[in-house]
Student: 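Can you keep this structure in mind? I'll have questions shortly.
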Amino acid sequence: MRMVLEQIGNRVLTTVSNTFYAAGYFYEILKETARFIRRRHVRYGYRVLIMQILFTGVEALGIIAIISLALGVVIIVQGSTILPQFGQGQLVYTILITVITRELGPILTAFIIIARSGTAIATELGNAIISHEIEAYISFGINPISYLIVPRFLGVTLSLVLLNLYFNLFGLLGSFLVTQFIQPLQFAEYLTNLLSTLRTVDVLSSLVKSIVFGIIISVTATYYGFRVEQSSTEIPQMAIKAVGRSFILCILANALITLVYYV
Amino acid sequence: MDQGFELKQVTFRGYGIKVLDNVSTEFPLHSCTVIMGFSGSGKSTLLKVAAGILWPDEGEVCFQGKPLNRMSEKELLEFRSRMGFVFQDSALWSNLSVYQNLSLPLQFHYNKKIEPREVDRTIQKLLLEFDFKDDVQYRPAQLSTGERKLISFLRALALNPSILFLDDPTGFVDNVTAERILKNLKHQKQEGKTLIMATHSPELTSQLADFLIIMKEGKILEHGRLKEVVHSRDPDVIEVLSEVLSEAAVYDTDILELLQDDSSTE
């Protein structure tokens, strides 16, 4: 019994200690981000930022386009087939906005970024620790948070916001074009109905979600990348943890923001 | 001697193991201190702790009387701009090219105060001095181990530091490059730079060292002027020196002769 209690106690203490550590880490990132933005003339960090946006944002355009198009097409085809049977044809626009703009747009984009960039960031940083590259940065006075983490934090968050916008464009407008081959609709009518359904709060909710998910993914991936200590076998373990935790935190944050939206 | 580095009762644990055990020592400025010991005796860790790359679990490291952990961010940056560190395993930034590895410290410390042309001139001068012929756009993974070590050495020199921490600077490099590194280090020493070096090389030790530190199992066995330490009659020191230098058979005469023999082959 005593051993069980000791183990529980140790776990609680470790969790509390890790939470404080993570909070301190997040504070450091925010502090260095403010500095990074203030010192816009600093050349060396912007290269990393541009590379991160290129990898996280630009290289994910293809897969985002396919998923959003497919989702939009399915909603339009199913909605415009089934809903009129109940005299609720106009609901298709509400469903489109709810599913693509408010719910699946941000979360699916986040899932894609977790799978692509979350793993890559955690692995890259883990490797940098094993090969003492982080120590090399420190030896030159280059703050690894400022040089490695902040550009990834900004790059992933910015990319997620833009990819979410891109997801919406493809999901709402691109899917309309595809639907024309299956079930022709009037574009003017479609656009008018869509815009009349879309409210500022929908856009705001989507934007807030993508920003929060971007922050969660970048902070979690870099945090676990830095948790690698001595052996290369820790790298895949930490990458898996980064992915798992990012998924959980994004889903929880999504639920929380949606709840706030309806309260 | 000017007041340089002072380590006061430093203990460092790596993953629960005591790597440095209550170490107290000094590295005077404008001199060369060589650290010798078996592999795993804590030489690299001692260098990293002295350079402020790793923070000790106990004790403190002072530079010119001021503890590193109590320096302001600005003071620490100033301190780092004065030092160069050559890592045992090179520790080149793998996602940057050779050129970027050499230019990043310059860009970081001088930012807009240095023109790209000046950065280029500094890098070309270094590469020329060491006759580096490979493409500077290569990534470190495309270089041999010896070339990586050389680039790590050149990266440490890029800022023209007054303090050089050298972890096995001639390890893995060919004889010609090792000669060039030795020549450069002699020049640095003549210019009054501070060299703190972990090495197993009798040649580097005999030609550069003013002070010698002998380490074993995370502790300092002996620390003093080169001649004093190599004349030590402490059996542990004799064991370390003879085995490290692979000259156990001749040690019982006089290790100094061995070291002096090396210097005479200069």
Side-chain angles (χ1 to χ4, degrees), chain A residues 28 31-32 34-36 38-52 54-55 117 120-152 155 222 225-235, chain B residues 14-17 44-45 47-49 51-55 71 73-96 100-114 116 119 140-141 148 151-152 155-156 158-159 161 163-165 167:
Chain A
E28 274 298 310
K31 196 177 81 181
E32 289 300 324
R35 281 185 179 179
F36 186 88
R38 270 206 312 270
R39 296 176 193 166
R40 268 178 294 187
H41 59 281
V42 180
R43 281 175 290 187
Y44 59 90
Y46 274 82
R47 184 188 159 274
V48 186
L49 174 61
I50 289 163
M51 293 303 288
Q52 192 60 52
L54 187 72
F55 175 71
S117 305
I121 289 170
T123 307
E124 190 185 1
L125 292 177
N127 272 316
I129 286 179
I130 298 296
S131 57
H132 301 121
E133 289 177 40
I134 304 296
E135 288 179 0
Y137 284 117
I138 295 169
S139 77
F140 284 105
I142 301 173
N143 184 342
I145 301 271
S146 169
Y147 181 70
L148 296 174
I149 307 307
V150 170
R152 281 165 177 79
T222 55
F226 272 167
R227 293 293 295 257
V228 172
E229 286 181 346
Q230 53 181 328
S231 116
S232 55
T233 53
E234 290 173 45
I235 298 170
Chain B
Y15 320 112
I17 301 162
S44 300
T45 307
L47 281 184
K48 286 177 186 174
V49 168
I53 295 172
L54 299 176
W55 296 101
M71 280 185 181
E73 212 169 317
K74 199 178 166 190
E75 284 172 326
L76 208 54
L77 193 64
E78 165 68 21
F79 163 69
R80 300 216 194 275
S81 71
R82 290 175 62 186
M83 70 174 227
F85 199 107
V86 179
F87 288 82
Q88 189 176 32
D89 56 358
S90 307
L92 295 180
W93 299 306
S94 56
N95 58 350
L96 301 182
Q100 288 167 329
N101 263 279
L102 297 173
S103 63
L104 181 61
L106 289 163
Q107 285 173 346
F108 175 77
H109 281 284
Y110 298 113
N111 196 20
K112 279 204 163 173
K113 291 175 206 151
I114 189 164
V119 172
R148 284 204 287 272
I151 297 301
S152 177
R155 182 177 66 177
L159 290 172
I163 305 154
L164 268 171
F165 291 90
D167 196 352

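The sequence lines fix the lettering, A, B, ..., with proteins before strands; numbering per chain opens at 1.
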Student: Hey, mind stepping through A:Arg35 and B:Glu73 against salt bridge (charged side-chain N to carboxylate O under 4.0 Å, His left out) and telling me if it holds?
Tutor: CA-CA 13 Å; A:Arg35 281 185 179 179; B:Glu73 212 169 317; 2.6 Å; yes
Student: Please find the pair of heavy atoms, one from B:Ala91 and one from A:Ala136, that lie closest to each other, and give the distance.
Tutor: O-CB, 3.5 Å
Student: Nearest heavy-atom pair of A:Glu133 and B:Leu92: which atoms, and what distance?
Tutor: CG-O, 3.2 Å
Student: Do the side chains of A:His132 and B:Lys48 get nearer than 4.5 Å, heavy atoms only?
Tutor: yes
Student: Answer with side chain, backbone, both or neither: which region of B:Ser94 has an atom nearer than 4.5 Å to a non-hydrogen atom of chain A?
Tutor: both
Student: Is chain B contacted by the side chain of A:Tyr137, its backbone, both, or neither, given a heavy-atom distance below 4.5 Å?
Tutor: both
Student: Does any part of the side chain of B:Phe87, heavy atoms only, come nearer than 4.5 Å to the side chain of A:Ser139, both counted from C-beta?
Tutor: yes
Student: Could you tell me whether the side chain of B:Leu104 reaches within less than 4.5 Å of the side chain of A:Phe140, counting heavy atoms only?
Tutor: no
Student: Which answer fits B:Ala156, side chain, backbone, both or neither, if we ask what part of it has an atom under 4.5 Å from a heavy atom of chain A?
Tutor: backbone
Student: Of the backbone (N, CA, C, O) and the side chain (C-beta and beyond), which part of B:Gln88 lies under 4.5 Å from a heavy atom of chain A, both, or neither?
Tutor: neither
Student: If you round to the nearest 0.5 Å, how far is CD1 of A:Ile138 from CZ of B:Arg80?
Tutor: 7.0 Å
Student: Heavy-atom distance under 4.5 Å to chain A: side chain of B:Leu76, backbone, both or neither?
Tutor: neither
